[in-house]
Amino acid sequence: MITCRELADLLIDFSSGDLSPEHREHVEAHLGHCPSCVAYLEGYRLTIEMARELPRPPLPPNLARQLRALLEGRGS
Ligand SMILES: [Zn+2]
């Protein structure tokens, strides 16, 4: 049985589906008896979804200039 602390470490991979089946079993077993970790997971997923909906920040001017130089250089 894993602890709440260990579950928090596995949560990122659990949410993205990258967790091994063995670890996923541990996480699901823990979630089955620990409401506070279920709430934590819900909050975590909500955060990810909100982050996804945020517009991407524009490129910093320096980077945009470097990219353009790179693209122009490739053309010649
Ligand atoms: Zn827990």
Side-chain angles (χ1 to χ4, degrees):
M1 195 59 74
I2 59 173
T3 63
C4 294
R5 178 78 190 84
E6 286 167 329
L7 184 133
D9 286 341
L10 295 173
L11 215 54
I12 296 174
D13 287 338
F14 181 73
S15 289
S16 59
D18 287 339
L19 214 55
S20 71
E22 189 195 338
H23 276 125
R24 201 191 325 239
E25 243 173 61
H26 286 308
V27 170
E28 278 165 1
H30 184 102
L31 290 174
H33 74 85
C34 184
S36 66
C37 278
V38 173
Y40 182 72
L41 176 64
E42 286 299 304
Y44 181 80
R45 283 188 166 153
L46 215 65
T47 307
I48 289 183
E49 269 170 37
M50 273 163 52
R52 240 185 236 142
E53 280 169 22
L54 286 178
R56 281 162 186 257
L59 285 177
N62 274 349
L63 188 63
R65 210 176 304 133
Q66 278 174 14
L67 274 177
R68 206 173 304 128
L70 203 72
L71 289 172
E72 283 167 7
R74 208 173 54 176
S76 59

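Numbering of ligands and ligand atoms starts at 1, following listing order. Both backbone and side-chain heavy atoms feed into the values below; hydrogens, waters and symmetry mates do not. Position 1 is the first residue of the sequence, and the numbers go up from there.
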Run the side-chain donor-acceptor check on residues 59-69: report pairs under 3.5 Å with partners two or more places apart or on a different chain.
none

Once side chain to side chain donor-acceptor pair (under 3.5 Å) is applied, what residue pairs with a partner in residues 14-24 remain, sequence neighbours excluded? Ser16-Asp18, Ser20-His23
Mind checking the CD-CE spacing from Glu53 to Met50? Nearest 0.5 Å is all I need. 8.5 Å
Does a sphere of radius 6.0 Å around CD in Glu28 hold more than 12 heavy atoms from other residues, nucleotides or ligands, not counting ones at 6.0 Å or beyond? yes
Kindly give the cluster partners of Leu10, where membership spreads through any ILVMFWY side chain lying under 4.5 Å from a current member. Ile2, Leu7, Leu11, Ile12, Phe14, Leu19, Val27, Leu31, Val38, Tyr40, Leu41, Tyr44, Ile48
Can you list the protein N, O or S atoms less than 2.8 Å from the Zn ion (ligand 1)? Cys4 SG, His30 NE2, Cys34 SG, Cys37 SG
Taking the side chain as every heavy atom from C-beta outward, state whether Met1 and His33 have any atom pair closer than 4.5 Å. yes
